[in-house]
*Asks:* 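Take a look at this one; I'll ask things after.
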Amino acid sequence: MRELDYTRMGMRIRQVRKAKGWSQDELAKRCGISMSFLGHIERGTRIMSLETFVSICGALDAGADELLWGEVQPSDAVLDMWSTAECKTKKQGSDSYSMYVRIMKSVAEIMNEA
């Protein structure tokens, strides 16, 4: 089992918050915590409860894996879209299918690098 790195997790929370253009105060209010506590979370100097973590994930619209480990996992909706598109593409011919698979692999690689 991997060990949690609270400093890195806090940095990821900060990155997502800043990408949304939010201040610490705005995210703290959305999560029902103090701005001071959020600052500690982002620096990795305090450990949050699971309830707070879930609140932060929800407010940022970020997956737990993304914030915990820096890994973006596709949602069920994306996986369903993949399956539907894959079936349609297979019917159109193997050249289209091969191109589709290459594109999707490239997208997955880009997502894993982020």
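Residue numbers count from 1 along this sequence. Scope of the values below: all heavy atoms of this structure, side chains included, with no hydrogens, waters or symmetry mates.
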*Asks:* Is there a side-chain contact between Arg17 and Gln24, using heavy atoms and a 4.5 Å cut-off?
*Replies:*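 Yes; the side chains approach each other to less than 4.5 Å.
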*Asks:* How about Cys31 and Leu38: do any of their side-chain heavy atoms sit closer than 4.5 Å?
*Replies:*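 Not touching, per the 4.5 Å side-chain cut-off.
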*Asks:* Under a single-linkage definition using a 4.5 Å side-chain heavy-atom cutoff for Ile, Leu, Val, Met, Phe, Trp and Tyr, are Leu68 and Val16 assigned to the same hydrophobic cluster?
*Replies:*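 Same cluster.
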*Asks:* Is there a side-chain contact between Phe53 and Met9 (heavy atoms, below 4.5 Å)?
*Replies:*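 Side chain of Phe53 against side chain of Met9, heavy atoms only: contact under 4.5 Å found.
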*Asks:* For atom CZ of Arg43, decide whether the heavy atoms of other residues, nucleotides or ligands shown that lie under 6.0 angstrom number more than 12.
*Replies:*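 For Arg43, atom CZ is crowded (more than 12 foreign heavy atoms under 6.0 Å).
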*Asks:* Tell me every residue that passes side chain to side chain contact (heavy atoms under 4.5 Å, CB included) with Thr52, counting only those two or more places apart in sequence or in another chain.
*Replies:*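 Thr52: side chain to side chain contact (heavy atoms under 4.5 Å, CB included) contacts with Ile33, Phe37, Ile41, Met48, Ser49, Ile56.
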*Asks:* Suppose we screen for side chain to side chain contact (heavy atoms under 4.5 Å, CB included). Which residues come up paired with Glu26, at least two apart in sequence or across chains?
*Replies:*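 If we apply the side chain to side chain contact (heavy atoms under 4.5 Å, CB included) test to Glu26, skipping adjacent residues, the hits are Trp22, Ser23, Arg30.
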*Asks:* Do Lys29 and Met35 have side-chain heavy atoms sitting under 4.5 Å apart?
*Replies:*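 No. Closest side-chain heavy atoms not under 4.5 Å.
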*Asks:* Does one hydrophobic cluster hold both Ile47 and Ile13, with members joined at side-chain heavy-atom distances below 4.5 Å?
*Replies:*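 Hydrophobic grouping puts Ile47 with Ile13.
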*Asks:* Going from CG on Leu4 to CH2 on Trp69, what distance comes out if it is rounded to the nearest 0.5 angstrom?
*Replies:*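 Separation between the atoms: 4.0 Å.
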*Asks:* Between atom CD of Glu42 and atom CZ of Arg14, what is the distance when rounded to the nearest 0.5 Å?
*Replies:*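 Spacing of CD (Glu42) from CZ (Arg14) equals 4.5 Å.
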*Asks:* When you look at NZ of Lys20, are more than 12 heavy atoms from neighbouring residues, nucleotides or ligands closer to it than 6.0 Å?
*Replies:*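 Above 12, so yes.
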*Asks:* Within the 4.5 Å heavy-atom criterion, are Thr45 and Tyr6 side-chain neighbours or not?
*Replies:*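 The answer is no, as the side chains (C-beta and beyond) never meet within the 4.5 Å cut-off.
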